[in-house]
Q: 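Can you keep this structure in mind? I'll have questions shortly.
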Amino acid sequence: MGKIITIANEKGGVGKTSLSVNLGAALSIRGQQVLVIDMDPQGNASYILSKNAHDEKPSMYEVLIDKNRKISSIVEETTTNGLSLAPGNLQLAGAEIQLIQTYGREFALKRSFTPDVIEAYDYVFIDTAPSLSLLTINSFVAADYILIPVFSDFLSLVGLNLLLDTINISQENLGSNVEVIGFVITKYDCRENISDETINLLKAKFGNLIYKEVIRVNVKLKEAPSKRQTIFQYDPVCIGARNYLALANEFLNRMNERNK
Ligand SMILES: Nc1ncnc2c1ncn2[C@@H]1O[C@H](COP(=O)(O)OP(=O)(O)OP(=O)(O)O)[C@@H](O)[C@H]1O
Ligand SMILES: [Mg+2]
């Protein structure tokens, strides 16, 4: 059975989409079947992965609003073998407003996960918006695990408490068993002392939850999204691609340990 992993951090630009898309692509290179679900109205993961971003096909908006529509009905293949996409777009902002008025509003995404979706993939990654919105809460409630990308500057750490509090609320008030399974440093700059200081602070607080493999700051990772490519399509030998492959290996090892 596949595992559902929400990628979240309410701070903007910390690498949520990069992690969803490139860890997903790295895992598919490692032979895994992966689905990326775009729960961000910005639609960045969809822009990168979709072959047909500008058409009017149904997206996660319809899945959230229409109780009879299942995720499998909107899934698209991407140009990466083994990597599929459930697209999202600006309409999701409307879903947020519509959902607020409905009963069971935190469970709309969970409800749409039928067994066929969970069985078709090894891993499902949910890319979220930089906010602790109802869409993000839905993404916590629907997931087995949460993976948190962090930027290695000090101020990024300050916001983490709010994120962890919101996850606690999902666990305690909404009966969710979701568990934080790790923090990934997504923009590590080895030239800056502050990066190492922040990593040491994170390790002191979260210990083994901090992934050992870090993603270094790499201009190719910045350029790839504008070409609508994963890092493995844009430059498969760059440091960013190598970092993401190493991260995928660590991810798979950690998952195997967990499921022993
Ligand atoms: N290791 C890296 N080195 C350089 N640039 C990076 C790296 N990782 C991500 N980026 C770039 O940083 C920007 C923000 O990354 P990304 O979109 O993944 O963050 P995000 O958390 O999803 O943002 P948002 O909160 O807006 O959804 C993008 O332009 C991305 O290409
Ligand atoms: Mg994003």
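One-based numbering, in listed order, for ligands and for the atoms of each. Each residue takes its place number in the sequence, starting with 1.
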Q: Please confirm whether Val219 comes within less than 3.5 Å of ligand 1 when only nitrogen or oxygen atoms on both sides are compared.
A: no
Q: Do Asp196 and Tyr188 pair up side chain to side chain, a donor and an acceptor below 3.5 Å, judged on atom types alone?
A: yes
Q: Mind checking whether Phe251 and Phe125 have parallel, tilted or perpendicular rings, split at 30° and 60°?
A: tilted
Q: Do Pro130 and Asp40 touch side chain to side chain, with heavy atoms closer than 4.5 Å?
A: yes
Q: Can you find an N or O of Asp127 that's nearer than 3.5 Å to an N or O of ligand 1?
A: no
Q: Pairs of nitrogen or oxygen atoms closer than 3.5 Å, one from Leu221 and one from ligand 1: do any exist?
A: yes
Q: Can a non-hydrogen atom of Glu223 be found less than 4.0 Å from any atom of ligand 1?
A: no
Q: Starting at OH of Tyr123, measure out to CG of Leu147 and round the result to the nearest 0.5 Å.
A: 12.0 Å
Q: Is Leu209 linked to Ile199 within one hydrophobic cluster, defined over Ile, Leu, Val, Met, Phe, Trp and Tyr using a side-chain heavy-atom separation of less than 4.5 Å?
A: yes
Q: Are any side-chain N or O atoms of Thr186 and backbone N or O atoms of Val150, one a donor and one an acceptor, separated by less than 3.5 Å?
A: yes
Q: Hey, does Gly13 come in under 3.5 Å of ligand 1, counting only N/O atoms on both sides?
A: yes
Q: Are the side chain of Glu250 and the backbone N or O of Glu213 linked by a donor-acceptor pair below 3.5 Å?
A: yes
Q: Say whether Ser18, considering both its backbone and side-chain N or O atoms, lies within less than 3.5 Å of an N or O atom on ligand 1.
A: yes
Q: Following the transitive rule for hydrophobic clusters with a side-chain heavy-atom cut-off under 4.5 Å over Ile, Leu, Val, Met, Phe, Trp and Tyr, establish whether Val178 and Ile137 coincide in one cluster.
A: no
Q: In the protein, what heavy atom is nearest to atom 4 (C) of ligand 1, and what distance, to one decimal place, separates them?
A: Asn218 O, 3.2 Å
Q: Please identify which atoms of ligand 1 are closer than 4.0 Å to at least one heavy atom of Gln42.
A: 24 (P), 26 (O), 27 (O)
Q: Less than 4.5 Å apart, any side-chain heavy atom of Ser46 and any of Leu85?
A: yes
Q: Under 3.5 Å, N or O to N or O, is Pro130 touching ligand 1 that way?
A: no
Q: Does any N or O atom in Asn44 lie less than 3.5 angstrom from one in ligand 1, N or O only?
A: no
Q: Give the numbers and elements of all ligand 1 atoms closer than 4.0 Å to a heavy atom of Pro225.
A: 31 (O)
Q: Report, in ascending order of atom number, the atoms of ligand 1 lying under 4.0 Å from any heavy atom of Asp40.
A: 27 (O)
Q: With heavy atoms under 4.0 Å as the rule, classify the contact between Asn9 and ligand 1 as side chain, backbone, both or neither.
A: neither
Q: Can you tell me the protein heavy atom closest to atom 17 (O) of ligand 1 and the distance?
A: Thr17 CB, 4.0 Å
